[in-house]
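Scroll down for the structure; my scribbles are underneath it.
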Amino acid sequence: MTTAAVVGLSLVLFVLGVVAFFVKKDLLTQFMAVEIMLNAANLAFLGLARGTDRLDAQVIIFLVMTVAAAEAAVGLAIVLLVFRRKKSIRTEDFRTLRG
Amino acid sequence: MMMPAYAWIPLAPALGALTLFLLGRRLARKTVSILASTSVAISLALSLLATLRLPPGGTSGLQTQTHRLMTWLSAGSFQVEAALRFDALSAVMVLIVSGIGLIIHVYSAGYMSRDRDYGRYFAGLNLFTFAMLLLVLADNLVLMFVGWEGVGLCSYLLIGFWFEKPSAAAAGKKAFLVNRIGDAGFVLGILVLLSAAGTTSFAGIAEAVSNGRIAPAMAGLAALLLFVGAAGKSAQIPLHIWLPDAMEGPTPVSALIHAATMVTAGVYMIARMNVLYAFAPGAGRIVAVVGALTAVYAGTIALVQNDIKRVLAYSTISQLGYMFLGCGVGAYAAGIFHLFTHAFFKSLLFLAAGSVIHALSGEQDIRRMGGLRKHLPITAPVFFIGALAIAGVPFLSGFFSKDAILVSAFAAGFPFLGILGLAGAVLTAFYMFRLVFLAFFGEERISPENKAHVHESPSIMTGPLVVLAAGSILAGYLGLPIVLGEKANLFFRFLGLVAPVLDKGHLGPAAEWGLILASAASAAFGIGLAYLLYIRNTALPGRWAARRPGLHKLLLHGYYVDEFYDAAIVAPLVRGSESVYRRFDLEVIDASLDGAAKAAGVFGKAAAILQTGWVKDYALAFVLGLTLLVGALLV
């Protein structure tokens, strides 16, 4: 596969993630959409790394994976706690940040 | 480089002050007083050593030594050295400051023994000694000004020592503020000299004056501005008003700072700048006139005061007037000589007054004293000696120094000022002996509760009194009258050209003997009048006062100068500040601050519309922002 194809795939994945985030209404699915966006970014790094023969992009992939893992742990815990409090994970139910 | 002995003189009191300010509360009382007195004793020993070591040479008989510690300020061609100067004049001054200072430190150990803030008191006294030594040792006007402000600060701190008393706090503030006016003149004078001569060092200024590099008008202006500073510090008309109020401080402080040393700093400064004043005779004449007027003016106020310390305060103002008269007519050595003898008898009078106040449990009103000589077997005779000395009775120190000034005034061609001086001498003799007769002679008018424990002071207080009494008698013999020959005056020969005497100091033997008789006669007249009024016919003063109540009240209130300043300067200032406060502080500054706060609130309200609380709105903002960023990068 060429670099362009890999980057193109990652772009498609990213847009899918964004669309999913806006379309879906429950926190857990939106969370998964975020994960897709992160992985799309990783894929883009990978493709570009292959194309340019440089290692720094691959290093960044590891960083992103670590961050994604940590984020998943914290995010899931937040989802759990939110559900316990409100018995709901629909984002429309949370508007306490309104100014 | 080895530092000469005189450069070490100010160090010990500085260290003493530092230690006492930091640890004064923790140390035992005995340690505090011993530490403070020892530090001044070290200064005295070093002063004596340095004076004895002054090498002979030059026209003045003794050489001038200078020692540069470091370059303090340097900006382009402007340079100020932290340098010390030691010559005959500095030697006289450091001996007075450390000598009288030591005696008063010892006395204070007794006088203040019951005071709560023992450490703070001695810390202030030591700091004062340091600043005063720096003032008289400085080699340029800027460093001198540092000492000048230092003594002013200590004066403020010690006048307001009992700051719980509102009158003491107010008196300290008044002294500080009035001195600011004088100091502003001093600073302007320094700046004028700096722009005209390009230097502030005494040698540099003297050289610039003798080379004619300074225009006479500039020299006159600088001399006048410096005299404004001197008038502030030395309480001359019109800045004399702070000194009587300064009596709120502890009595030894009045003796050291407000009689013997600090208030004479103005006289010292004029004598130090004598080359400048010789070059600007107009300014010198003003100094002489102000001095003579002050001498008489303050003397008349002292005639009717009833507070023992206020009489002495007005007397100090009056005697400082004599010193300025001497310096103004060009007899700097005579002015310094009077400064020297005055330091003995005036500190003696103050300390003896302190002993009286101590004996009477704080009573200061001479109307409630009387007959004290029976109760105070040491204080009474030494006070009597001090009074004789200041009154100018022959063979005591005040007579010699006052005579030297009067001779100079006549010899310099100011007979009117000389006559004013003689009139002042009558006043001096009268008010001093009014004080003596009212306090120590006659019937006892002591209040019963004070009378119960009238007692002579402990020996730690009477000892210093006896030493000062000896000085008050003997100090004058260093400067015998000129009629006995040019060589008779050791003091003038010691000072030499550092503080010159008049060239034409001679009046001729007949006139000089005449003057000696005249000043002796004025002293006798003043004392005789006081005897008549306060011993012989005690009803007379009251009747005279009743016959001219206006005049009596005028004198009692010091010619209403305080009231005049209040109405003419203080009240308009307060009113003006009040209206500025209302119109500008409240309506402009406060209003603009409130407006800024209100504007921030309004803006926040408007911006809060963006915060919808919908997660998707925020996500949309992210995406839009990201798109914008990426777009910007791509384009």
Side-chain angles (χ1 to χ4, degrees), chain A residues 4 7-8 10-45 47-48 57 60 64 67-68 71 74-76 78-83 85-86 88-99, chain B residues 22 74-75 163 169 173 572-635:
Chain A
V7 173
S10 78
L11 201 64
V12 171
L13 271 176
F14 190 83
V15 173
L16 276 177
V18 171
V19 171
F21 190 89
F22 281 103
V23 172
K24 292 295 175 181
K25 292 188 172 173
D26 66 307
L27 213 46
L28 206 60
T29 328
Q30 284 180 318
F31 196 57
M32 284 157 71
V34 172
E35 294 297 320
I36 289 180
M37 284 187 256
L38 277 168
N39 283 301
N42 261 358
L43 196 58
F45 274 123
L48 291 167
I60 293 178
V64 173
V67 171
E71 180 253 296
V74 175
L76 283 174
I78 291 173
V79 171
L80 206 65
L81 287 173
V82 163
F83 182 72
R85 268 176 93 91
K86 299 262 182 177
S88 153
I89 50 169
R90 295 168 62 84
T91 48
E92 294 99 329
D93 294 340
F94 314 115
R95 291 195 62 193
T96 41
L97 270 183
R98 185 173 37 187
Chain B
L22 292 176
S74 179
F163 55 82
K173 196 168 70 183
L573 263 178
V574 169
R575 270 204 303 277
S577 314
E578 191 78 42
S579 84
V580 168
Y581 166 70
R582 245 183 253 119
R583 302 245 171 81
F584 186 71
D585 276 50
L586 287 186
E587 287 177 15
V588 179
I589 295 184
D590 286 12
S592 66
L593 272 177
D594 289 349
K598 241 176 241 158
V602 169
F603 181 75
K605 276 259 162 54
I609 296 169
L610 291 175
Q611 301 239 306
T612 58
W614 295 108
V615 175
K616 282 181 184 164
D617 285 355
Y618 300 140
L620 190 64
F622 285 4
V623 173
L624 283 177
L626 185 69
T627 319
L628 277 177
L629 264 177
V630 172
L633 282 176
L634 288 181
V635 172

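Worth knowing before you read on, the calculation uses all heavy atoms, side chains too, and leaves out hydrogens, waters and symmetry mates. In what follows, every chain begins at residue 1, and chains take the letters A, B, ... in the order their sequences are listed.
When side chains are defined from C-beta on, A/M32 does not count as touching A/K24, because their heavy atoms never get closer than 4.5 Å. Under the 4.5 Å side-chain criterion, counting only non-hydrogen atoms from C-beta, A/L13 is in contact with A/I36.
The two residues A/F94 and A/K86 come nearest to each other via the heavy atoms CE2-CG, 3.4 Å.
Both the backbone and the side chain of A/E92 have a heavy atom closer than 4.5 Å to some heavy atom of chain B. Within the 4.5 angstrom heavy-atom criterion, no atom of A/V34 approaches chain B.
The greatest number of non-hydrogen atom pairs below 4.5 Å with chain A, out of B/L620, B/D617, B/L610, is found for B/L620.
Within a 6.0 Å sphere centred on NZ of B/K173, heavy atoms belonging to other residues, nucleotides or ligands number 12 at most.
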